[in-house]
Engineer: 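Got a structure for you, questions after.
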Amino acid sequence: MKIIRCKDYADMSRKAANIISAQVILKPNAKLGLATGTTPIGAYQQLIKWYEKDDVDFAEVSTYNLDEYRGLSHDDPQSYHYFMRDNFFDHININLDNTHVPDGSNPNAEEACAEYDALVKAAGYVDLQLLGIGNNGHIGFNEPDEAFSKGTHCVDLTESTIKANSRLFEREEDVPRQAYTMGVQTIMRAKMILVVANGSAKQQAVYDMVYGPVTPRVPASILQLHTNCILVADEEALGMCPA
Ligand code: F6R
């Protein structure tokens, strides 16, 4: 795994955006795997600025998001569909028909997950997968488990994830208890993986991802086996890693 050490969140966001924009410049019809959460917001904002300056063009890009809460409609402000439009898609020239997020509004988990899997597979998987990392080492909503997951599936969120995500909801009870997520095997099929991490709360997870044993107890640790994985992280997140 290549590690790019950044001064702070702004530096991390700019460097991550640089890598994503290079991918789009090299391949205008790139397939991007995208993440929600707080960490990538700065990178999305930077990409929007470059789009406004005509430096990057998303007209032919298609996107595949990692995950979505089960039970939320697309226009629910807490849904990841809404998040992506609000933080990125509505501010660039992407064709919304080419943006994909698992369908949390479909209560039939098996059907929703199978459809999403078929979509990602038909696309030939993504060129670049952007990932955040959970405090417990999760990627997408793949929580610590006995085995690495494969395709898109429905998961019960752990207490730690519900607590971490509750900051974005009015009350902790409002956080959905289940989500549809791309599996670890699908994530690993991306040609390139770009992990972003900032802040001291991520120190342990980042250390375990890079230096710990490869184990489904730390889902992100499998990224050690990917041949083209880049970690862009700030000093705080890298606090436990050797300089
Ligand atoms: C988001 C996702 C999650 C987040 C992770 C970190 O689509 O799949 O794995 O990347 O929970 O979230 P933040 O960036 O909010 O710390």
Side-chain angles (χ1 to χ4, degrees), residues 6 8-10 12-13 16-17 20 32-45 63-70 72 74 76 78-89 99-104 113 116 120 126 128-145 148-149 152-169 175-184 186-188 190 193-206 208-209 216 218-223 229-234 236-238:
C6 306
D8 51 24
Y9 181 74
M12 179 208 79
S13 300
I20 298 167
L32 303 179
L34 297 180
T36 60
T38 316
T39 320
I41 290 178
Y44 293 146
Q45 286 171 348
T63 65
Y64 298 84
N65 261 79
L66 284 167
D67 42 19
E68 177 61 285
Y69 289 119
R70 183 183 190 193
L72 297 191
H74 298 187
D76 185 313
Q78 301 293 358
S79 74
Y80 287 175
H81 267 91
Y82 188 97
F83 175 101
M84 289 309 299
R85 289 193 62 162
D86 197 34
N87 286 289
F88 196 33
F89 300 153
T99 66
H100 310 281
V101 181
D103 185 5
C113 294
Y116 201 66
V120 180
V126 299
L128 184 156
Q129 176 67 58
L130 175 64
L131 291 179
I133 177 171
N135 296 351
N136 62 1
H138 73 224
I139 49 175
F141 270 129
N142 296 284
E143 302 281 17
D145 206 343
F148 289 110
S149 62
T152 307
H153 58 291
C154 182
V155 288
D156 295 328
L157 304 188
T158 62
E159 274 314 310
S160 107
T161 298
I162 291 167
K163 214 171 217 22
N165 290 8
S166 66
R167 71 191 189 283
L168 305 168
F169 289 78
V175 185
R177 268 35 190 180
Q178 287 189 313
Y180 300 149
T181 182
M182 251 185 215
V184 170
T186 309
I187 292 171
M188 287 294 281
I193 296 184
L194 170 60
V195 188
V196 285
N198 74 292
S200 52
K202 300 290 170 70
Q203 271 184 13
Q204 185 70 52
V206 166
D208 291 346
M209 166 175 68
V218 181
S221 64
I222 199 158
L223 300 174
C229 180
I230 307 171
L231 167 66
V232 178
D234 74 351
E236 286 188 359
L238 289 169

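Along the sequence shown, residues carry numbers from 1. The shown structure was predicted, so the numbers you read here are calculated from the model rather than taken from an experiment. In each ligand, atom 1 is the first atom listed, and ligand 1 is the first ligand listed.
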Engineer: Go through the side-chain N and O atoms of S13 and Q45 and say whether any donor and acceptor fall under 3.5 Å apart.
Structural biologist: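 S13 vs Q45: no donor-acceptor pair found between side chains.
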
Engineer: Just to verify, what does Y64 make a ring pair (Phe, Tyr, Trp, His ring centres under 6.0 Å) with, not counting sequence neighbours?
Structural biologist: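 Applying ring pair (Phe, Tyr, Trp, His ring centres under 6.0 Å) to Y64 gives H100.
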
Engineer: Tell me, which protein residue and heavy-atom name are nearest atom 14 (O) of ligand 1, and how many Å apart are they?
Structural biologist: T39 OG1, 2.4 Å

Engineer: Looking at atom 8 (O) of ligand 1, what's its closest protein heavy atom, distance included?
Structural biologist: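 In this structure, atom 8 (O) of ligand 1 has D67 OD2, 2.6 Å as its nearest protein heavy atom.
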
Engineer: Can you figure out which of G140, A35, G134 has its heavy atom closest to atom 9 (O) of ligand 1?
Structural biologist: G140

Engineer: Could you tell me the residue and atom name of the protein heavy atom closest to atom 11 (O) of ligand 1, and the distance to it rounded to 0.1 Å?
Structural biologist: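 The answer is H138 NE2, 2.7 Å.
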
Engineer: Angle between ring planes, Y69 versus F169, binned at 30° and 60°: parallel, tilted or perpendicular?
Structural biologist: perpendicular

Engineer: List the residues meeting ring pair (Phe, Tyr, Trp, His ring centres under 6.0 Å) with H138, not counting sequence neighbours, and say none if there are none.
Structural biologist: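 With sequence neighbours excluded, H138 shows a ring pair (Phe, Tyr, Trp, His ring centres under 6.0 Å) to no residue whatsoever.
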
Engineer: Could you tell me whether the side chain of S79 and the main chain of H74 form a donor-acceptor pair under 3.5 Å?
Structural biologist: yes

Engineer: Considering only the protein, which heavy-atom contact is closest to atom 10 (O) of ligand 1, and what is its distance?
Structural biologist: G132 CA, 3.3 Å

Engineer: Check whether any heavy atom of R167 sits under 4.0 Å from an atom of ligand 1.
Structural biologist: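 Judged by the 4.0 Å heavy-atom criterion, R167 does count as contacting ligand 1.
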
Engineer: Could you grab the distance from atom NZ of K202 to atom CG of N136, nearest 0.5 Å is fine?
Structural biologist: 10.0 Å

Engineer: Which residue holds the protein heavy atom closest to atom 16 (O) of ligand 1, what is that atom called, and what is the gap in Å?
Structural biologist: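 Protein heavy atom with the smallest distance to atom 16 (O) of ligand 1: K202 NZ, 2.6 Å.
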
Engineer: In the protein, which heavy atom is nearest to atom 6 (C) of ligand 1, and how far is it?
Structural biologist: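 Residue, atom and distance for the closest contact: I133 O, 3.4 Å.
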
Engineer: Quick one: are V232 and I230 in side-chain contact, heavy atoms under 4.5 Å?
Structural biologist: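 A side-chain contact exists here, since the closest heavy-atom pair is under 4.5 Å.
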
Engineer: Could you tell me the residue and atom name of the protein heavy atom closest to atom 1 (C) of ligand 1, and the distance to it rounded to 0.1 Å?
Structural biologist: T36 OG1, 3.1 Å

Engineer: Check ligand 1 against L66 and write out every atom of the ligand that is under 4.0 Å from a heavy-atom position of the residue.
Structural biologist: 8 (O)

Engineer: Check each atom of ligand 1 against the heavy atoms of G37 and keep those under 4.0 Å away; list them by number with element.
Structural biologist: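 Listed by number with element: 14 (O), 15 (O).
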
Engineer: Mind checking the CZ-CZ spacing from F89 to R85? Nearest 0.5 Å is all I need.
Structural biologist: 9.5 Å

